[in-house]
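So the structure is just underneath, and the comments pick up after that.
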Amino acid sequence: MQKKIEFIGLGLGWFAIITQFILMIQNRQASIAESIIRFFSFFTILTNLLVTLFFTIKALNITTFKLFHKKETPTALTSFILIVGIVYTIVLRKIWDPKGLQLIVDELLHTVIPLYMFLYWLLYTHRSKLSLPKVFQWLLYPVCYISFILIRGTLSGFYPYPFLNVTTIGYQKTLLNIGIILVLILVTISILTLANNKRNNTNLKNNPL
């Protein structure tokens, strides 16, 4: 059953990412090269890509890419993809009104895949105790992402999200928004890690052998 869930996950992920890429190229407001860079400037795309790669590697039993086989990885990825869904629901959904195929892709990227990854995490990632400091190493991902967005935004004028748009809202509010998001990520990772460890301890007590 786990293998079937992983294959469904990779199918959903690749369909959503590839379709979104095609839609963005078709509706681009810049050159193709710039549009490609902008496509990979969205935390939503990068995180869905990581989740999809995870499902692909697990489903196809790919032994390389050791990072995706580490026991901390599913919890970290689940935390990030849940943040994608939470931020979209709270901040972006009310200012974005997609139609047709774009609506389907949006729901896949921001709702279906986050919930699907969370379901996978609930079912299959509670078999070993996690080290919180090792899970926290994944925080390097959003920190590097935000640094890249701010640097490139200064040079190009493009910011993928309104709450990171220094040109519009200024550095003070942008940094405040970044702080809130990082705290939200930190809290989410901590909750999932501690929940994982608690379930693992419960399983050991119930099955001491």
State the [atom1]-[atom2] distance between [X] and [Y], to the nearest 0.5 angstrom.
{"X": "Ile57", "Y": "Phe65", "atom1": "CD1", "atom2": "CZ", "answer": "5.5 Å"}
{"X": "Leu150", "Y": "Asn165", "atom1": "CG", "atom2": "CG", "answer": "10.5 Å"}
{"X": "Thr75", "Y": "Met117", "atom1": "OG1", "atom2": "CE", "answer": "8.0 Å"}
{"X": "Tyr171", "Y": "Thr167", "atom1": "OH", "atom2": "OG1", "answer": "8.0 Å"}
{"X": "Ile181", "Y": "Ile83", "atom1": "CD1", "atom2": "CD1", "answer": "8.5 Å"}
{"X": "Leu82", "Y": "Ile113", "atom1": "CG", "atom2": "CD1", "answer": "12.5 Å"}

Return the orientation label for the [X] and [Y] ring planes: parallel under 30°, perpendicular over 60°, tilted otherwise.
{"X": "Phe118", "Y": "Trp121", "result": "parallel"}
{"X": "Phe55", "Y": "Tyr116", "result": "perpendicular"}
{"X": "Tyr88", "Y": "His110", "result": "parallel"}

Quiz item: Who are the side chain to side chain contact (heavy atoms under 4.5 Å, CB included) partners of Leu175, not counting sequence neighbours?
Solution: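 Testing Leu175 for side chain to side chain contact (heavy atoms under 4.5 Å, CB included), a comparison that skips the adjacent residues, returns Ile178.
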
Does some side-chain heavy atom of [Y] sit less than 4.5 Å from a side-chain heavy atom of [X]?
{"X": "Leu49", "Y": "Phe42", "result": "no"}
{"X": "Leu119", "Y": "Ile5", "result": "no"}
{"X": "Arg152", "Y": "Ile37", "result": "yes"}
{"X": "Ile45", "Y": "Met24", "result": "no"}
{"X": "Ile62", "Y": "Phe68", "result": "no"}
{"X": "Leu50", "Y": "Phe80", "result": "no"}
{"X": "Ile17", "Y": "Phe39", "result": "yes"}
{"X": "Thr188", "Y": "Thr78", "result": "no"}

Exercise. Please determine, by modelled atom types, if Thr56 and Trp14 share a side-chain donor-acceptor pair under 3.5 angstrom.
Key: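 The criterion, which ignores hydrogens and geometry beyond distance, is satisfied for Trp14 and Thr56.
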
Are [Y] and [X] connected in a single hydrophobic cluster, I mean Ile/Leu/Val/Met/Phe/Trp/Tyr linked by side-chain heavy atoms less than 4.5 Å apart?
{"X": "Ile146", "Y": "Ile180", "answer": "no"}
{"X": "Leu176", "Y": "Ile169", "answer": "no"}
{"X": "Leu194", "Y": "Trp138", "answer": "no"}
{"X": "Leu132", "Y": "Val187", "answer": "no"}
{"X": "Leu92", "Y": "Leu115", "answer": "no"}

Looking at [X] and [Y], what are the two nearest heavy atoms and their distance?
{"X": "Pro160", "Y": "Ser41", "result": "CG-O, 3.3 Å"}
{"X": "Phe43", "Y": "Tyr161", "result": "N-OH, 3.1 Å"}
{"X": "Ser35", "Y": "Ile25", "result": "CB-CD1, 4.0 Å"}
{"X": "Lys3", "Y": "Ala59", "result": "CD-O, 3.3 Å"}
{"X": "Leu109", "Y": "Pro114", "result": "O-CD, 3.6 Å"}
{"X": "Phe163", "Y": "Val91", "result": "CD2-CG1, 3.8 Å"}

Applying side-chain hydrogen bond (donor to acceptor under 3.5 Å, both in side chains), name anything that partners [X], two or more places apart in sequence or on another chain.
{"X": "Tyr141", "value": "Thr47"}
{"X": "Lys66", "value": "none"}
{"X": "Tyr159", "value": "none"}

Practice problem: Could you tell me which residues satisfy salt bridge (Lys or Arg N to Asp or Glu O under 4.0 Å) with Lys173, sequence neighbours excluded, listed by chain and number? | Solution: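 Lys173: no salt bridge (Lys or Arg N to Asp or Glu O under 4.0 Å) contacts found.
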
Exercise. Indicate, with yes or no, if the rings of Tyr120 and Phe54 have centres closer together than 6.0 Å.
Key: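 When the ring centroids of Tyr120 and Phe54 are compared, they turn out to be within the sub-6.0 Å range.
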
Self-check item: Sequence neighbours excluded, every pair satisfying salt bridge (charged side-chain N to carboxylate O under 4.0 Å, His left out) that has a member inside residues 35-57
Solution: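 Matches after skipping sequence neighbours: Glu34-Arg38.
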
Quiz item: Any donor and acceptor pair, going by atom type alone, linking the side chain of Ser190 with main-chain N or O of Leu186 inside 3.5 Å?
Solution: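 Confirmed, Ser190 side chain pairs with Leu186 backbone.
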
Exercise. Measure from the side-chain N and O atoms of Lys71 to the backbone N and O of Leu130, and report whether any donor-acceptor pair falls under 3.5 Å.
Key: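 Checked: no pair found.
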
Quiz prompt | Sole candidate of Leu192, Ile185, Ile191 that passes side chain to side chain contact (heavy atoms under 4.5 Å, CB included) when paired with Ile189 | solution =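 Going through the options one by one, the only one that passes is Ile185.
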
